[in-house]
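For this chain, numbers begin at 1 and follow the sequence in order. Keep in mind it's a predicted model, so treat the numbers as computed, not measured. Atoms within a ligand are numbered from 1 in the order they appear, just like the ligands themselves.
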Amino acid sequence: MNDPAKSTLTFVAAGRVALGLRRVAKQLESFAVREARLPSERFSATVRMTLQRAPHRSDELADDCIFCKIANKELPADIVFEDDELIAFNDISPQAPTHVLVVPKIHIPTVNDLGDDDAERMGRLVLCAQALAEARGIDGDGYRLILNCNEGGGQTVFHIHLHLLGGRQMRALG
Ligand code: DGP
């Protein structure tokens with residue numbers, strides 16, 4: 001005979017198995033994408049960019065890097081925020097009433113050196129700048145976030161940093 005309680009249980013169990021299989025399939029899919037080696041014509045520029053592995057990375061502090069020294073408290077700075085992963089301090093040569101640099105503690109020279117492992121770290125960098133803008137009361141009027149990359153992009157310190165600029169009217173780029 002068909003026991004309705006038993007059928008419900010079987011239905012729920014089948015649903016769980018299907019969910020589990022879907023999850024495994026998703027993991028395998030993302031693994032397959034990550035395993036793809038570059039360059040590959042099969043991937044769009046955006047995906048290739050995301051998959052690119054960081055070529056010059058060191059999780060150690062770089063000896064001759066000013067921002068590593070600030071992160072390691074070997075050089076002084078006007079620190080406005082710090083946690084395990086990030087440090088934020090006022091720029092030594094401010095270009096606006098608020099000019100804060102938000103910096104990952106690990107040494108990543110440029111945006112070109114970012115890999116998919118850094119997605120969360122860079123997201124936190126932006127969220128940290130957002131929180132600082134709010135704390136300074138410049139979020140409503142607006143502010144500018146800048147990441148310079150290499151000499152051509154105006155980068156002078158080769159340890160990734162996000163500029164938070166605000167407190168004055170920024171000129172439009174266009
Ligand atoms: P960039 O041009 O994007 O690499 O910006 C580097 C910024 O770093 C620049 O605005 C000046 C700032 N800076 C350079 N050296 C120091 C330092 O020793 N302390 C602080 N607080 N800022 C620095």
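- When side chains are defined from C-beta on, His107 does not count as touching Asp113, because their heavy atoms never get closer than 4.5 Å.
- Side-chain contact between Ile160 and Val103 is absent, with no heavy-atom pair separated by less than 4.5 Å.
- For ligand 1, the protein residues placed under 4.0 Å by at least one non-hydrogen atom are Ile66, Phe67, Ile70, Phe89, Asn90, Asp91, Ile92, Leu101, Asn148, Gly154, Gln155, Thr156, Val157, His161, His163.
- Contact annotation: the side chain of His159 never approaches that of Ile70 to less than 4.5 Å [non-hydrogen atoms, C-beta and beyond].
- Glu120 places none of its side-chain heavy atoms less than 4.5 Å from the side chain of Glu85.
- Applying the ring pair (Phe, Tyr, Trp, His ring centres under 6.0 Å) test to pairs two or more places apart or on separate chains, those with a residue in residues 64-83 are Phe67-Phe89, Phe67-His161.
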**Item:** Stepwise side-chain contact (heavy atoms from CB on, under 4.5 Å) test for Leu101 and His163
**Value:** CA-CA 5 Å; Leu101 303 173; His163 293 259; 3.3 Å; yes
